[in-house]
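What follows is a set of notes on a single structure, which appears directly below.
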Amino acid sequence: MPETKNVSKNNINNLPSRAANYVKKSFVFDLKSGFITAIVALPLAIGFAIASGVEPYMGVYTAIVAGFLGSLLGGSQYSITGPTGAMGVVVLAAMTKYGMEGLFLATLLAGVIQILLGIFKVGKIAKFMPLPIMAGFTGGIGLLIVFGQIPNALGLSLPIHEYAFQTLFDVLQHLDDASIIAILITIGTAIIMLYMTRFTKNRKYLSSIPPTIVALVISLCLVYFYGLDIPTIGAIPTKLPTFSFFNITLGLARDVLPYAVTLALLGTIESLMCAVVCDAMTATKHNSDRELMAQGIAKIVTPFFGGLPSTAAVSRSVVNIREGAKTRASGMMHAFFILIFMIFFGSLALYIPKAFVAGILICIGARMVNLHELKLIYKNDRFEAAIFLITMFLTVFADLILAMEVGILLTMVNFLYDMTKATSIETVEEHDSDDRIHEIMSLNDQYKDKLAIYTINGPFFFGAMNVFDHKVNAILPTKKDVIIIRMRFVPYVDSTAITRLNDFIESRHREKRYVLITGLRTVVKKNLMRNENFEKHVRQKEVYLFDSTEKAVEYAKAEIFPLLDKREPKRINVTESDAQNIDLKENDMVNIEGKTKAEMKNAESNLEVESKSTGEKPETEMKMHESKAETEKLEITGNADGLSEEDLEDLLDRR
């Protein structure tokens, strides 16, 4: 405890020196980067607000409040938080259905979800969203942004629609009212956005000028000086955001919960992706869980100031880093500069044409449709490419939530199918052909008839039960007394597979046959032993576990095979049919005199010749007939007494 007090005192005493050190080394860089980033972020905040179907000032308020909180509390010190295109599409859908209060409540709930994700430390898990879903979803959002800006690009003042096809249909009906000037401003803005950096890349001072500022100044001057009659953004309030409550009801919360989950998911993925990009550019390491909690707090606070859902944005964060940001203070300064711009220059928004916003957003939306990524996915897996296209199509022409659900469902089906194909059950020679395995299989012939070794390769789960049952019923030689199942290539086992394995062990035990399992991984063994039935089988020695196949084979030789050899001797029938069943040749069957049947036939033929010459039946013939009768009697009775081979030979010798 005293050391903690000393440390805290030292930190307080060091504050002046640390502040002086910051001012000396980092303040100027953070000030510059915050200023340039604010210039880039302001038109984007306005544009995304317009794309969301809300007033432009709401986007500015979001950039101020969420931008400050995200940088102050975030786990990535270079990320810049604000409204984004992906959020704008969800905002439009939620507001269209449930109004402004529904939008604010969905934003608040999304913040709560993100805070819970951070508290339970699932930030890393959120980064494992399948690429086809995210690429398709992002591409669909990009197309929605492009379609949503077509009216502004044409200079048309049309109502905001939830679905893209409604917007396109409305545009076709009013196509005659399109403005050539608005179209030219849109095209000019897009050209500046796409090609300006190519000309200013190697120029010392021009390279720091953002293309959006150049396009903004040109379009604003055209409208201001020439009085162009095209739709404009309109004046932005030149006052500080004020805190205000909104109605919160349980019924409305239940209705907007799907949108809240979507906002939380999008915010989580975008924020963590942005943090990863920042880490790669600055050789730093972010705190995923802290970043999620910071973004959640920003979402909770922003609605009370009339703001929109926010997340860390890659484009603004890259600008922040490239302009020389040193600490998280640059992000807080960026929010401060946006506030200054709004207060002193908010009235100039009256002359900013919506066509300029359309040009910026169309470029951003087009870049979100990554056709190169689709090409790579298609080469790797055509089904995943289909998931990409289906998710994108549903995002554009159906519903965002439906698109995400269908994409996840299709990905799960594809995953299960691939995992099922990856699972196989093979003989040990088929799966592993090294010398060690050949040495294991070099058993005596008598052991080969009693022992079979099989390898399960791949995840052993419910999707692989068809493979397992097929092997058990059709291929696996279950009549052998000992089955060794090698599971060292099994990384995972689920409850369905454990239950099916228990059934197999029980059926083998009822037949008084043995199951030996080898090479269990630690995780798989723990999962198996948690199952009460499997643990019972192990405890009652109905199944045996070994670390290696060699140990299992040695145990079978030393312990199991001697028990099998001590079983009751097999009974021998001397009937011809039973002789064939035990693979005795007809000429090798022994008669009561120790002669083969072929020899008996030769003897009979000789006796017939002799009897014909003498006319009498010799004594040997009489004995032969008696012996033959005895043999036929034994064949008919089928050795009903169940005599052993030795007893039968003694009886025949006596007779």
Side-chain angles (χ1 to χ4, degrees), residues 84-87 89-90 93 110 113-114 116-118 120-145 258-277 279-280 286 288-289 291-292 295 309 311-314 365 367-423 458-464 491-492 494:
T84 62
M87 292 291 181
V89 176
V90 185
I113 294 173
Q114 280 193 281
L116 292 176
L117 292 177
F120 290 104
K121 300 184 181 300
V122 295
K124 294 180 181 180
I125 299 176
K127 293 186 289 186
F128 296 114
M129 178 63 67
L131 177 61
I133 296 178
M134 287 312 304
F137 191 71
T138 303
I141 289 174
L143 290 178
L144 283 176
I145 292 173
Y259 292 97
V261 173
T262 304
L263 288 172
L265 182 61
L266 284 175
T268 298
I269 295 172
E270 282 200 76
S271 298
L272 297 181
M273 286 177 59
C274 179
V276 171
V277 172
D279 288 349
H286 72 281
S288 299
D289 299 316
E291 179 68 16
L292 289 184
Q295 294 296 329
T311 184
V314 175
R367 288 172 180 170
M368 294 173 69
V369 184
N370 196 333
L371 296 180
H372 177 69
E373 205 166 51
L374 173 61
K375 184 179 179 180
L376 294 177
I377 294 174
Y378 179 80
K379 288 183 178 180
N380 181 62
D381 191 327
R382 293 186 178 182
F383 193 83
E384 287 189 349
I387 295 174
F388 178 104
L389 294 174
I390 291 171
T391 304
M392 185 168 65
F393 179 84
L394 293 176
T395 301
V396 176
F397 296 104
D399 184 77
L400 296 172
I401 298 174
L402 177 64
M404 187 68 72
E405 292 172 345
V406 172
I408 293 174
L409 178 62
L410 292 176
T411 301
M412 292 175 60
V413 172
N414 187 43
F415 174 77
L416 292 176
Y417 178 71
D418 290 340
M419 289 298 99
T420 302
K421 290 194 302 181
T423 304
F460 195 40
F461 70 117
F462 67 93
Y492 168 76
D494 70 351

Inset, instruction - Using the test side chain to side chain donor-acceptor pair (under 3.5 Å), find all partners of D279 that sit at least two apart in sequence or belong to another chain. - result: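 Partners of D279 under the side chain to side chain donor-acceptor pair (under 3.5 Å) test: T284, H286.
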Inset, instruction - Under the side chain to side chain donor-acceptor pair (under 3.5 Å) rule, collect the residues that match up with T311, sequence neighbours excluded. - result: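 Expected list: S271.
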Between [atom1] of [X] and [atom2] of [Y], what distance do you get to the nearest 0.5 Å?
X    : Y    : atom1 : atom2 : answer
F137 : I408 : CZ    : CD1   : 10.0 Å
T138 : L143 : OG1   : CG    : 11.0 Å
T262 : E405 : OG1   : CD    : 8.0 Å
R367 : I145 : CZ    : CD1   : 12.5 Å
I390 : T395 : CD1   : OG1   : 11.5 Å
Y378 : L371 : OH    : CG    : 14.5 Å

Specify the closest pair of heavy atoms between [X] and [Y], including all atoms of both residues, with the distance to one decimal.
X    : Y    : answer
A260 : A110 : O-CB, 3.4 Å
P459 : T423 : O-OG1, 2.8 Å
P130 : T411 : CG-CG2, 3.6 Å
A312 : E291 : CB-OE2, 4.1 Å
A403 : L394 : CB-CB, 3.7 Å
F461 : D494 : CA-OD1, 3.2 Å

Inset, instruction - Say whether, by atom type as modelled, one donor and one acceptor occur between the side chain of N414 and the main chain of E384 under 3.5 angstrom. - result: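 No, the answer is negative, given that no donor and acceptor are paired below the 3.5 Å cut-off.
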Inset, instruction - Evaluate the side-chain contact (heavy atoms from CB on, under 4.5 Å) criterion for residues L266 and T84: first the C-alpha distance (whole Å), next the side-chain angles of each, then the deciding distance (0.1 Å), finally the verdict. - result: CA-CA 10 Å; L266 284 175; T84 62; over 6 Å; no
Inset, instruction - Begin from the C-alpha positions of F120 and D289 and carry the test side-chain contact (heavy atoms from CB on, under 4.5 Å) through to its verdict. - result: CA-CA 8 Å; F120 290 104; D289 299 316; over 6 Å; no
Legend entry - More than 12 heavy atoms of other groups within 6.0 Å of F383 CZ: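 Enclosed.
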Inset, instruction - May I have the step-by-step check of side-chain contact (heavy atoms from CB on, under 4.5 Å) for I387 and I377, ending in yes or no? - result: CA-CA 10 Å; I387 295 174; I377 294 174; over 6 Å; no
